[in-house]
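First the structure, in the form of structure tokens, and then the observations on it.
Labels below follow one simple rule: chain letters A, B, ... track the order of the sequence lines, proteins then strands, and each chain is numbered from 1.
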Protein chains: 2
Amino acid sequence: MLDTNQWEVGTQRSYRYLKESKVSSEISELQEPTPYVQTSPASQSDAELEDLVQEIIGRVADKWTMLALDVLGEHGPLRFTRVRELMDGVSQKMLTKTLRQMEADGLVVRTVYPVIPPHVEYELTDMGLSLGEAFCGVWVWAAQHRERIRLARQAYQAR
Amino acid sequence: MLDTNQWEVGTQRSYRYLKESKVSSEISELQEPTPYVQTSPASQSDAELEDLVQEIIGRVADKWTMLALDVLGEHGPLRFTRVRELMDGVSQKMLTKTLRQMEADGLVVRTVYPVIPPHVEYELTDMGLSLGEAFCGVWVWAAQHRERIRLARQAYQAR
DNA sequence: CAGCATCCTTTTTGATACTG
DNA sequence: CAGTATCAAAAAGGATGCTG
């Protein structure tokens, strides 16, 4: 069973990062944490919106989802088994679950060719693709900071 | 106990998104516990780098870590209880765990004022701050696509 | 206040076994 | 091939009590 609610936090987030929303790619400098004021058309739907954002992030901030996003983004349409090979480490169960969830969220399309043996292909939707691009910043960050993190952990251990 | 390894996937990722990042060029490394010899031009250190990136992403792609990142980024240095209030939903146990992990990774600094009653402040490091900024793209994406996701789920349900 | 320790429940994940 | 179903193990998380 695919739980639709991985986790939901009744939060009061106020993510300043949305202030000048220009979406992906430009992760260089956002400056001052301007106290949130920007409630243009949807005044009190803010709380709801933030909950949704939270939930979505929770959903996509998943190990396998991100891996699948990357693999599918990288290799175009793939068959189930091929995805599994490329994701290296995912169990069949988890892969099924992940892909189904992504499908339900509109991140991938699942195409079944009614042949024997079965042939099923998975491909990112444009939304899935754009999510991959949105994650770009995090990927770059991780790559850029891997060494500092390693050192920080080392220092923390030795403390 | 803080597990240092939330999950490790021996992957062969190839994230195209790093195409133009200079990223790996500047860190000449000292003692590397890995069997790989660090090849400077990032030729076959790719596999190792990608594993690390994977691990880091796995670490930061955590519900509470992201929330803490946001709250601390938004409100500057905060005391434990205040963070907990702002994160609304986190248990004391999880908050402690999350903050400790972030501290170990060099994302936050934990300052203890030896007074009675105890006074402990948490503040993002510059690295933590930059991670928050890196997540900007995902946040924006989530905000922008929340409706499409909701509709996609609806459609999937009714399918 | 800011935790740590302990117990217990819930979720998640892995390992098979089986099927159209 | 691409799954489903089931059982068992493990991890995550919550609740409570205690402490300097």
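Under the 4.5 Å side-chain heavy-atom criterion for ILVMFWY residues, no single connected hydrophobic cluster contains both A/Y113 and A/L78.
Among D/dG3, C/dA2, D/dA2, the nucleotide with an atom closest to any side-chain atom of A/R79 is D/dA2. For B/K93, whose side chain is taken as the heavy atoms from C-beta onward, the closest listed nucleotide among C/dG14, D/dG14, D/dA2 is D/dG14.
No engagement by B/R82 is indicated, since no non-hydrogen atom pair under 4.0 Å with the nucleic acid exists. B/Y122 comes within 4.0 angstrom of sugar-phosphate atoms only, judged by non-hydrogen atoms across all strands, and of no base.
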**Request:** Begin with the C-alpha distance, continue with both residues' side-chain angles, and end with the deciding distance and a verdict on side chain to side chain contact (heavy atoms under 4.5 Å, CB included) for B/V120 and B/T111.
**Result:** CA-CA 6 Å; B/V120 181; B/T111 311; over 6 Å; no
**Request:** Please lay out, stage by stage, how B/E85 and B/T81 fare under the test side-chain hydrogen bond (donor to acceptor under 3.5 Å, both in side chains).
**Result:** CA-CA 6 Å; B/E85 289 169 11; B/T81 300; over 6 Å; no
**Prompt:** Taking it one step at a time, do A/R100 and A/D105 satisfy salt bridge (Lys or Arg N to Asp or Glu O under 4.0 Å)?
**Reply:** CA-CA 9 Å; A/R100 286 299 207 291; A/D105 286 350; over 6 Å; no
**Request:** Go through the steps to decide whether B/M127 and A/I149 satisfy the test side chain to side chain contact (heavy atoms under 4.5 Å, CB included), and finish with yes or no.
**Result:** CA-CA 9 Å; B/M127 189 157 71; A/I149 287 195; 3.9 Å; yes
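An OP1 or OP2 oxygen of D/dA2 is reached within less than 4.0 angstrom by a side-chain nitrogen or oxygen of A/T81. Of the side-chain N and O atoms in B/S91, none sit less than 4.0 angstrom from OP1 or OP2 of D/dG13. Between B/R100 and the phosphate of C/dA2, there is no side-chain N or O to OP1/OP2 separation shorter than 4.0 Å.
Here the P atom of nucleotide C/dC4 and the CG atom of B/L99 are 11 Å apart, to the nearest Å. Atom P of nucleotide C/dG3 and atom CE of B/M94 are separated by 14 Å, given to the nearest angstrom. Atom-to-atom, CD1 of A/I116 to P of C/dT19 comes out at 16 Å; the value is rounded to the nearest Å. When the P atom of D/dC1 is taken as reference, atom CZ of A/R110 falls 16 Å away, rounded to whole Å. Atom NE2 of A/H119 and atom C1' of D/dG3 are 15 Å apart (whole Å). If you take CG of B/L95 and P of D/dA12, they are 17 Å apart, rounded to a whole angstrom. Whole-Å rounding puts the B/R84 CZ to D/dA15 C1' distance at 11 Å. Straight-line distance from the NZ atom of A/K97 to the P atom of C/dT12: 5 Å, rounded to whole Å.
From B/D62, atom CG reaches atom CE of B/M102 across 9.0 Å, with rounding to the nearest 0.5 Å.
Both the sub-6.0 Å distance and the 45° axial angle are not jointly satisfied by B/R153 relative to the ring of B/Y156.
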Could I get a table of every N or O pair under 3.5 Å where one atom is in the protein and the other is in nucleotides 17-20 of chain D?
none

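Comparing the start and finish of the helix from C/dC1-D/dG20 to C/dG20-D/dC1, five pairs each, the helix axis swings through 50°, to the nearest 10 degrees.
Under the 30°/60° scheme for interplanar angles, the aromatic rings of A/F80 and A/Y122 are found to be tilted.
In this model, a donor atom of one side chain and an acceptor atom of the other lie less than 3.5 Å apart for A/R150 and A/Q154.
Using a 4.5 Å cut-off on side-chain heavy atoms (C-beta onward), B/R110 and B/L99 make no contact.
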